[in-house]
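Some notes on the structure that comes next.
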Amino acid sequence: MSDTHRRPVPTDRAPGPRETPAPGEEQRLAATVAAHPMLDSVGALASLLARLPPELPLWLDEHVRWDPDERLKQQLLTVTPRIVGVASAVETEDAAMEPGLELGTVCIPFDSTPDARAAVAVRRDLLPADPYASAEERLEQGDVPGALGDLATLLQDIAALLSDVTDGLERGSSDTESLRVEASRIGQAAARIARLAKNGQEKDRG
């Protein structure tokens, strides 16, 4: 579901911008869910659901999330739950929020310990693995260089895919050559944007 319709319920951290301390019931639900950081089987999911009210709204995070700094490591996927605040009606500026259960998918390092895996699974700063969605979230957070880096990655992927398409077309045809040119142009644009992202990151570091 869209992030615009729910917010995380804080547990052991201070409220952030535009967040308020969760009521007692939400805190109880959040604590229940926190005891099940990873749901790696139907039994684990059933065990969690048995501890939650049956009328609790159910949501799905639309993105697989990961830590980009761990992208070079072999990853495995795990399902992780959390309690979020969801709009109980058509969202307005003062729309009432109610707790709901959100299930998400997180990439975690394959060679990590169970405790380390659980620690990654419950992180709330993980970005979408999809570069376009990641760029959107980074822009919302004010991270322009990071967003540019994601967009450069997206363009590189598009250029590579276009090159793959040309392999299945008639060699020497005008369409094939046109696609090769477009793939090259997109790849060059990706390289230029990647340089801008790098320059921005260096400026941010001072």
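Worth knowing before you read on, the calculation uses all heavy atoms, side chains too, and leaves out hydrogens, waters and symmetry mates. For clarity, every value in this text was computed on a predicted model and none was experimentally measured.
- Other members of the cluster containing Leu126 are Met38, Leu76, Val106, Ile108, Phe110, Val120, with ILVMFWY side chains joined at under 4.5 Å, either directly or via other members.
- No hydrogens or angles considered: a donor-acceptor pair under 3.5 Å links the side chains of Ser184 and Gln188.
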The test is side-chain contact (heavy atoms from CB on, under 4.5 Å); show your working for Lys73 and Gln75 and say whether it passes. CA-CA 6 Å; Lys73 296 182 179 180; Gln75 305 273 319; 3.9 Å; yes
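- Side-chain atoms of Ser178 come within 3.5 Å of backbone N or O of Ser174 as a donor-acceptor pair.
- Annotation: the span from Leu162 atom CG to Asp167 atom CG amounts to 11.5 Å, rounded to 0.5 Å.
- In this structure, Val122 shares a hydrophobic cluster with no other residue, the cluster being traced through Ile, Leu, Val, Met, Phe, Trp and Tyr side chains under 4.5 angstrom apart.
- Contact between Pro99 and Glu26 at its shortest, heavy atoms only, is CD-OE2, 3.5 Å.
- Nearest heavy atoms, Ala183 versus Ala159: O-CB, 3.5 Å.
- Looking at heavy atoms from C-beta onward, Pro81 lies in side-chain contact with Leu39 at the 4.5 angstrom threshold.
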Could you go step by step and tell me if Glu137 and Arg65 meet the salt bridge (charged side-chain N to carboxylate O under 4.0 Å, His left out) rule? CA-CA 12 Å; Glu137 286 203 8; Arg65 296 184 178 273; 3.0 Å; yes
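- No side-chain heavy atom of Glu102 sits under 4.5 Å from any side-chain heavy atom of Leu60.
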Chi angles and distances behind the side-chain hydrogen bond (donor to acceptor under 3.5 Å, both in side chains) call for Ser47, Arg51: CA-CA 7 Å; Ser47 177; Arg51 291 169 170 78; 2.7 Å; yes
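- Annotation: side chain of Thr105 is not in contact with side chain of Thr80 (no heavy-atom distance under 4.5 Å).
- The distance from the CG atom of Leu155 to the CG atom of Asp150 is 11.0 Å, given to the nearest 0.5 Å.
- Using a 4.5 Å heavy-atom cutoff, the side chains of Val86 and Trp59 are in contact.
- A donor-acceptor pair under 3.5 Å is formed between the side chain of Thr176 and the backbone N or O of Glu170.
- Partners of Ser112 by side chain to side chain donor-acceptor pair (under 3.5 Å), not counting sequence neighbours: none found.
- Ionic pairing of Asp67 and Arg123 is present here: one or more N-O contacts between side-chain nitrogen and carboxylate oxygen are shorter than 4.0 angstrom.
- Residues Arg192 and Leu196 are not in side-chain contact: their nearest non-hydrogen atoms beyond the backbone lie 4.5 Å or more apart.
- In the hydrophobic cluster analysis, where Ile, Leu, Val, Met, Phe, Trp and Tyr join through side-chain heavy atoms closer than 4.5 angstrom, Ile186 is grouped together with Val165.
- In this structure a side-chain-to-backbone donor-acceptor pair under 3.5 Å is missing from Ser173 to Leu169.
- Heavy-atom minimum distance, Pro109 versus Arg117: O-NE, 3.9 Å.
- The two residues Ala133 and His63 come nearest to each other via the heavy atoms CB-CE1, 3.3 Å.
- No side-chain donor-acceptor contact under 3.5 Å links Glu70 to the backbone of Cys107.
- Between Ala118 and Pro37, the shortest heavy-atom contact is CB-CG, 3.9 Å.
- Annotation for Ile193 and Ala152: closest pair CG2-CB, 4.0 Å, computed over non-hydrogen atoms.
- The shortest distance between side-chain heavy atoms of Leu52 and Leu101 falls below 4.5 Å.
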